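Beneath this line is the structure, given in structure tokens, with notes to follow.
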Amino acid sequence: QVQLVESGGGLVQAGGSLRLSCAASGRTGSRYAMGWFRQAPGKEREFVAAISWSAGRTDYADAVKGRFTISRDNANNTVYLQMNSLKVEDTAVYYCAATLKLWVYVDAKDYGYWGQGTQVTVSS
């Protein structure tokens, strides 16, 4: 079992930045790829960014390319999402996800472990 705890959400003005963190625990010694998804009110959960176990490969949704950066620190079992130039439409609950597979995955069905989510609100 992998436990994921997100932090770093909050309220920010459009154009501002936030850095989300996701701390993973459990299954000591396991390797896993990670991803970030988000869900806005009344909308489906959508892919935001993903990173392979080795961090050698990343992938982003078109809506966030050039503004968001995913990274990871395997020594501390933490994945990050740096969000710059935030827009009102980025407002959502952001979820961290993990899979015991090692590559990058954009489909939520590929992830078996999920955090509880952290709210990001961008005001105009």
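Everything numeric here is computed off the predicted structure, so don't read it as measured data.
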### Task
Using modelled atom types only, decide if a donor and an acceptor are shared between the side chain of Thr91 and the backbone of Val122 within a distance under 3.5 Å.
yes
### Message
Please identify which of these residues, Val120, Leu18, Thr121, meets the side chain to side chain contact (heavy atoms under 4.5 Å, CB included) condition with Leu11.
### Response
Thr121
#### Entry: N/O donor-acceptor pair under 3.5 Å between Glu6 side chain and Gly117 backbone
yes
### Summary
Residues Val2 and Ala24: closest non-hydrogen pair is CG1-CB, 4.3 Å
### Query
Salt bridge or not for Asp90 and Lys87, using N-O below 4.0 Å?
no
### Query
Same cluster or not: are Leu20 and Tyr80 linked, directly or through other Ile, Leu, Val, Met, Phe, Trp or Tyr residues, by side-chain heavy atoms under 4.5 angstrom apart?
no
### Message
Tell me whether Ile70 shares a hydrophobic cluster with Val104, the cluster being built from Ile, Leu, Val, Met, Phe, Trp, Tyr side chains joined at under 4.5 Å.
### Response
no
### Query
Can you name the nearest heavy-atom pair linking Cys96 to Val79, along with the distance?
SG-CG1, 3.9 Å
### Message
Are Leu4 and Tyr95 linked, directly or through intermediate hydrophobic residues, by side-chain heavy-atom contacts shorter than 4.5 Å (ILVMFWY only)?
### Response
no
### Message
Using 0.5 Å steps for rounding, measure from the CZ atom of Phe68 to the OG atom of Ser17.
### Response
9.5 Å
### Query
So, the side chain of Arg72 versus the backbone of Ala55: is there a donor-acceptor pair under 3.5 Å, distance only?
no
#### Entry: Test item: Tyr111 side-chain N/O and Tyr105 main-chain N/O as donor-acceptor pair under 3.5 Å
yes
### Task
Would you mind reporting whether Trp53 and Thr99 have side-chain heavy atoms less than 4.5 Å apart?
no
### Message
Tell me the closest heavy-atom pair linking Leu81 and Trp36, and the distance in Å.
### Response
CB-NE1, 3.6 Å
### Query
In terms of hydrophobic clusters joined by side-chain contacts under 4.5 Å, are Leu86 and Val93 together?
no
### Query
Would you call the rings of Phe47 and Phe37 parallel, tilted or perpendicular, where under 30° means parallel and over 60° means perpendicular?
perpendicular
### Query
When you look at CD of Gln13, are more than 12 heavy atoms from neighbouring residues, nucleotides or ligands closer to it than 6.0 Å?
no
#### Entry: Closest non-hydrogen atom pair between Ala92 and Arg38, with its separation
CB-CB, 3.8 Å
### Query
Out of curiosity, does Tyr60 fall in the hydrophobic cluster containing Met34 (side-chain heavy atoms, cut-off under 4.5 Å, transitive links)?
yes
## Note on the structure
Heavy-atom nearest pair, Lys43 first then Gln39, reads O-NE2, 3.1 Å
#### Entry: Test of ring centre spacing under 6.0 Å for Tyr113 and Tyr32
no
### Side-chain (Ser52) to main-chain (Arg57) donor-acceptor, under 3.5 angstrom
yes
